[in-house]
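Input: a single structure, listed below in structure tokens.
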Amino acid sequence: MTIEEITPWLAIAITLILSILVPLFTQIANNRFQLKMKKKDIEAEIQNKKFFAYEEYFQKVGGCVLYAQKENLSDAGASIQRLYAYLPENEWETLDKLFAEINNKDWAGARNDMKSISKWIANDMKN
């Protein structure tokens, strides 16, 4: 066989190989991109839930502690409990203390702990 006889078969083989590989690589690239976008969507959803929990904390606990509103005790307690998912473990003791102070209606102590947690949240929201 001469090179002239092999060339058409070689062209057909290359075309077949490329017709299989190009869509495969395109699909792989597309899947990676979709995975990256899904991860970003999940991160954004987590961030939105986190900010909602922070906002609720400021509204519910702030209303309860700063204005000594005993009617909001259950809402304040629920928003404090939600914060456990987002605050680091070293802040959990402060949350426990704040929750106990609200239940005992120790508004002065609760204000101090609320300020501490609020400062931590404000710092976290900057990042």
Side-chain angles (χ1 to χ4, degrees):
M1 279 183 138
T2 65
I3 197 83
E4 290 87 23
E5 295 171 343
I6 296 176
T7 304
W9 292 106
L10 190 58
I12 291 171
I14 290 173
T15 304
L16 284 173
I17 290 171
L18 289 177
S19 69
I20 293 171
L21 292 180
V22 169
L24 178 67
F25 289 135
T26 302
Q27 187 64 38
I28 289 170
N30 188 31
N31 286 349
R32 285 186 174 193
F33 175 75
Q34 292 295 326
L35 183 62
K36 182 192 273 187
M37 294 306 294
K38 184 65 176 176
K39 285 180 181 178
K40 284 186 178 184
D41 287 345
I42 290 171
E43 288 172 6
E45 184 178 337
I46 290 170
Q47 198 69 10
N48 286 340
K49 287 181 180 180
K50 183 179 188 180
F51 285 133
F52 176 76
Y54 289 169
E55 183 179 333
E56 185 180 53
Y57 164 79
F58 288 125
Q59 289 175 349
K60 306 291 183 178
V61 176
C64 183
V65 172
L66 298 177
Y67 302 112
Q69 295 175 343
K70 298 170 189 146
E71 308 83 44
N72 297 343
L73 288 177
S74 63
D75 290 338
S79 66
I80 289 171
Q81 299 305 313
R82 191 171 287 116
L83 285 182
Y84 283 102
Y86 304 109
L87 267 64
E89 286 187 43
N90 60 347
E91 294 294 326
W92 290 1
E93 187 176 318
T94 309
L95 284 175
D96 292 339
K97 191 174 166 195
L98 175 62
F99 187 69
E101 289 165 346
I102 288 174
N103 280 333
N104 296 329
K105 297 168 186 65
D106 176 13
W107 305 121
R111 276 189 209 96
N112 289 333
D113 290 330
M114 184 186 161
K115 285 180 188 177
S116 172
I117 294 169
S118 297
K119 288 176 184 176
W120 187 94
I121 289 173
N123 192 34
D124 185 45
M125 290 176 78
K126 288 180 188 176
N127 300 331

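All residue numbers refer to positions in the sequence shown, counting from 1. Owing to the predicted nature of the structure, the values given are computational and were not obtained by experimental measurement. Only heavy atoms go into these numbers, but all of them, side chains included; no hydrogens, no water, no symmetry mates.
- With rounding to the nearest 0.5 Å, the separation of NZ in Lys115 from CG in Leu66 is 8.5 Å.
- Between Val61 and Ser79 the shortest heavy-atom distance is CG2-OG, 3.3 Å.
- Distance check: Asp106 CG to Arg111 CZ gives 9.0 Å after rounding to the nearest 0.5 Å.
- The hydrophobic clustering, which links ILVMFWY residues whose side-chain heavy atoms are closer than 4.5 Å, places Leu18 and Leu10 together.
- Taken together through direct or relayed side-chain contacts under 4.5 Å among Ile, Leu, Val, Met, Phe, Trp and Tyr, Leu35 and Ile28 form parts of separate hydrophobic clusters.
- Hydrophobic clustering, with ILVMFWY side chains joined whenever heavy atoms are under 4.5 angstrom apart, groups Tyr67 together with Phe99.
- Remark: Lys49 pairs with Glu45 by the salt bridge (Lys or Arg N to Asp or Glu O under 4.0 Å) rule, at least two apart or across chains.
- The side-chain contact (heavy atoms from CB on, under 4.5 Å) test applied to Lys97 returns Glu101, Asp113, not counting sequence neighbours.
- Note on Leu21: it does not cluster hydrophobically with Ile14, by side-chain heavy-atom contacts below 4.5 Å among ILVMFWY residues.
- Between Met114 and Ile102, the closest side-chain pair of non-hydrogen atoms is not below 4.5 Å.
- Two different hydrophobic clusters hold Phe52 and Ile46 under the rule that ILVMFWY side chains link at heavy-atom gaps under 4.5 Å.
- A distance-only check finds a donor-acceptor pair linking the side chain of Glu5 to the backbone of Thr2 [under 3.5 Å].
- Of all non-hydrogen atoms in Ala11 and Thr15, the two that sit nearest each other are O-OG1, 2.7 Å.
- Counting only heavy atoms from C-beta outward, the side chains of Leu83 and Tyr54 approach each other to under 4.5 Å.
- Residues meeting the side-chain contact (heavy atoms from CB on, under 4.5 Å) test with Gln34, sequence neighbours left out: Asn30.
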Dump the intermediate steps for side-chain contact (heavy atoms from CB on, under 4.5 Å) on Lys105 and Leu73, then the final yes or no. CA-CA 9 Å; Lys105 297 168 186 65; Leu73 288 177; 4.0 Å; yes
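- Remark: Asp124 pairs with Lys50 by the salt bridge (Lys or Arg N to Asp or Glu O under 4.0 Å) rule, at least two apart or across chains.
- Screening residues 22-40 for salt bridge (Lys or Arg N to Asp or Glu O under 4.0 Å) gives no qualifying pairs among residues at least two apart or on separate chains.
- When all heavy atoms of Pro88 and Trp120 are compared, the closest pair comes out as CD-CZ2, 3.0 Å.
- The two residues Tyr86 and Ala53 have their closest heavy-atom pair at CE1-CB, 3.7 Å.
- Not counting sequence neighbours, Phe58 has no partner by the ring-ring contact (aromatic ring centres under 6.0 Å, His included) test.
- The distance from the OG atom of Ser116 to the CD1 atom of Ile121 is 10.0 Å, given to the nearest 0.5 Å.
- Side-chain contact between Tyr57 and Leu87 is absent, with no heavy atoms from C-beta onward closer than 4.5 Å.
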